[in-house]
Engineer: 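Handing you a structure now.
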2 protein chains.
Amino acid sequence: MESSHRNLTQQVVHELGRKIMQGSYKVGDSLPSEADLCTQFDISRTATREAVKMLTAKGLISSRPRQGIKVVDSKHWNLFDVDVLNWILLGKPDLYLLRHFLQLRLGIEPEAAYLAAQYAQEDELAAIENALARMKDATNGQDDTHEADIEFHQSVLSASNNPFFIQLKNFITTALKVNIRFTNRMIPVTVAEYQAHVDIFELIKNKKPQAAFDAAMITQRATLAIVNEQISVLENKAL
Amino acid sequence: MESSHRNLTQQVVHELGRKIMQGSYKVGDSLPSEADLCTQFDISRTATREAVKMLTAKGLISSRPRQGIKVVDSKHWNLFDVDVLNWILLGKPDLYLLRHFLQLRLGIEPEAAYLAAQYAQEDELAAIENALARMKDATNGQDDTHEADIEFHQSVLSASNNPFFIQLKNFITTALKVNIRFTNRMIPVTVAEYQAHVDIFELIKNKKPQAAFDAAMITQRATLAIVNEQISVLENKAL
DNA sequence: ACAATAGTATTTATAATACAATTAAAAAGG
DNA sequence: CCTTTTTAATTGTATTATAAATACTATTGT
């Protein structure tokens, strides 16, 4: 199961959160009432209510007397919550979702590189370099390469020295994992990609914010263009 | 009071959340135990525990047997949660905080304008135009101008048609409110600023993504430069 | 003296029950 | 038909009891 080590409340949070993010319960739908959830999960009201409160805190549901427990409009969902992102990740890969992730990465990462070039400390530069070394070494398995890739992007965000960018590490990590699901079958991790990462690092290290920004931007616009192209093909087929 | 209409649990969530974000309880600090919170707020364990669970869900605290309730490291805080943002806003204005907000806005908003230029529907364009009209009309009070300004930025995010950007409306709104606290005394809402907004809208309407991006970027880099300058002055005085 | 083990006490986790508050929907009244 | 009142369903809060987890202490054996 994976969730058996967690306490009851958290298991219910995970189960309901997953179902909401995967669309088993849709926006506006009612969840089972407290009483029903108690019997379904075979737990007390205490545990049930605490689970409901946690999902409420994450913006997924509302709970009011007589009205019951309902999935609220998706604009209220805390999409940057680490749990919510993981529940999204459990769903089917979806090109539109991938595009949405890439679009925001395009906003975040070039600017993070810009800030890293301005504010990175020695140890933060070392962390980025370390991730690059891991990427180069990992010639054996794809998994290692991807893990090192994630570490690279995370360390750049850390080097921005901005708490908001740092909090977005969850988001970027999830975005990369969604990306990997597609690219594993379509685009190998190329030497060119690795070199692009090295180039960005060099610009950060040499304190060239604008150049680092541009380099990151170009790489990501190219990736997004590929996905947009794939979506176009798909949509034309559908006609 | 403002919070008297909410239920007990939510009042406690608000009170504790506020204290954590304002630093009354610092990272690593223990909060009072469940039992103590019950007596302090004069409420039952039920309400107390549900409040604790909600703050846990927002990533602010952890709660484990024997160890008690502790404020976790700030990298776990869900800074994009609407409540957390409001609690930040209740604190003292802080130039460094303003800079952090502006830095992320610089990542988000130009790209949002880019996407709006690609994907905005008729009604979404109308919404942006409506906000601009409100900005122009509001010659009487500053509050109206600021409200219309917030509406402008929100409507651009909506027009991006990307759920992640839409979720960031909370963030941008808070960022603008923090900004207003400073600029109310330092920089008046100028005609030039209004014109910059109009220009961006025109580029979005005419489907010029890159131009809209550049226009938004230039405006925001200028604002950030001012703040950076102010911080420099402050830090030099401190020496 | 020290390490491993077992015991103890503190704190949260869960359960069960009772009652209060809210409110959507039905019933009553005009 | 509209307004008001009543009802009933559902969550909100309180209370008590017990279980589980774990930091700390004491014990034991070497």
Side-chain angles (χ1 to χ4, degrees), chain A residues 1-17 19-20 25-73 76 83, chain B residues 1-17 19-20 25-73 76 83:
Chain A
M1 278 292 111
E2 198 275 290
S3 67
S4 51
H5 63 95
R6 289 183 287 204
N7 60 32
L8 284 181
T9 300
Q10 281 169 27
Q11 285 179 45
V12 176
V13 169
H14 187 268
E15 185 66 13
L16 292 179
K19 281 188 179 172
I20 293 168
Y25 297 118
K26 294 189 175 52
V27 171
D29 281 3
S30 285
L31 270 67
S33 69
E34 274 185 18
D36 290 343
L37 288 173
C38 289
T39 56
Q40 281 186 27
F41 288 101
D42 192 30
I43 55 174
S44 70
R45 259 193 89 192
T46 309
T48 302
R49 280 185 58 80
E50 287 175 3
V52 167
K53 287 296 172 189
M54 292 189 82
L55 291 170
T56 303
K58 291 177 188 300
L60 301 187
I61 60 180
S62 76
S63 162
R64 286 169 54 199
R66 180 71 221 227
Q67 187 177 316
I69 304 164
K70 287 187 173 176
V71 180
V72 301
D73 192 276
H76 295 115
D83 292 322
Chain B
M1 277 295 105
E2 198 278 285
S3 66
S4 51
H5 63 96
R6 289 184 285 203
N7 62 31
L8 285 182
T9 301
Q10 280 169 30
Q11 285 178 46
V12 176
V13 168
H14 187 268
E15 184 67 12
L16 293 178
K19 282 188 178 172
I20 293 168
Y25 297 118
K26 294 189 174 53
V27 170
D29 281 3
S30 284
L31 270 68
S33 69
E34 272 186 20
D36 290 345
L37 288 173
C38 289
T39 57
Q40 281 186 29
F41 288 101
D42 192 30
I43 55 173
S44 70
R45 266 192 81 192
T46 309
T48 302
R49 282 185 58 79
E50 287 175 3
V52 166
K53 287 297 171 188
M54 291 189 82
L55 291 170
T56 303
K58 291 177 188 300
L60 301 188
I61 60 180
S62 76
S63 161
R64 287 168 52 198
R66 180 71 219 225
Q67 187 178 315
I69 304 164
K70 287 186 172 176
V71 180
V72 301
D73 192 276
H76 295 114
D83 293 322

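Order of the sequence lines sets the chain letters (A, B, ...), proteins ahead of strands, with each chain counted from 1. Side-chain atoms are counted along with the backbone in the values below, which use heavy atoms only and exclude waters and symmetry mates.
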Engineer: In the structure I gave you, are the side-chain heavy atoms of B:Leu31 and B:Val52 within less than 4.5 Å of one another anywhere?
Structural biologist: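 No - every pair of side-chain heavy atoms lies 4.5 Å or more apart.
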Engineer: Rounded to the nearest 0.5 Å, what's the gap from OG on A:Ser33 to CD on A:Gln40? Could you check?
Structural biologist: 8.5 Å
Engineer: Looking at side-chain heavy atoms only, is the closest gap between A:Met54 and B:Met54 below 4.5 Å?
Structural biologist: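 No. Closest side-chain heavy atoms not under 4.5 Å.
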Engineer: Evaluate the side-chain contact (heavy atoms from CB on, under 4.5 Å) criterion for residues B:Ile69 and B:Leu37: first the C-alpha distance (whole Å), next the side-chain angles of each, then the deciding distance (0.1 Å), finally the verdict.
Structural biologist: CA-CA 11 Å; B:Ile69 304 164; B:Leu37 288 173; 4.0 Å; yes
Engineer: Could you tell me the boundaries of the chain B footprint on DNA chain C, defined by atoms under 4.0 Å from its heavy atoms?
Structural biologist: C:dA9 to C:dT14
Engineer: Out of A:Arg64, A:Arg49, A:Lys53, which one pairs with A:Glu34 under the salt bridge (charged side-chain N to carboxylate O under 4.0 Å, His left out) rule?
Structural biologist: A:Arg49
Engineer: Between A:His14 and A:Gln10, is any pair of side-chain heavy atoms under 4.5 Å apart?
Structural biologist: no
Engineer: How long is the span from the OG atom in A:Ser44 to the CG atom in A:Leu8, to the nearest 0.5 Å?
Structural biologist: 8.0 Å
Engineer: So, taking the atom named CD in A:Glu50 and the one named OG1 in A:Thr48, what distance separates them when rounded to the nearest 0.5 Å?
Structural biologist: 9.5 Å
Engineer: Reading DNA chain D from 5' to 3', where do the contacts with chain A start and stop? Cut-off is 4.0 Å to heavy atoms.
Structural biologist: D:dA8 to D:dT13
Engineer: Under 6.0 Å from the CG atom of A:Asp73, do we count more than 12 heavy atoms belonging to anything else shown?
Structural biologist: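 Yes.
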Engineer: Taking the side chain as C-beta and beyond, is there a heavy-atom pair between B:Leu60 and B:Leu16 under 4.5 Å?
Structural biologist: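 A side-chain contact is absent here, since even the closest heavy-atom pair is not under 4.5 Å.
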Engineer: What is the nucleic acid contact for B:Ser33, judged by heavy atoms within less than 4.0 Å: base, sugar-phosphate only, or nothing?
Structural biologist: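 Counting heavy atoms under 4.0 Å across all strands, the contact made by B:Ser33 is with sugar-phosphate only.
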Engineer: Using heavy-atom distances to pick each residue's nearest nucleotide on DNA chain C, tell me which of B:Ser63 and A:Arg45 is more 5'.
Structural biologist: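 On the 5' side of the pair lies B:Ser63.
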Engineer: Listed in order of residue number, which residues of residues 50-58 of chain B have a non-hydrogen atom at under 4.0 Å from DNA chain C?
Structural biologist: B:Lys53
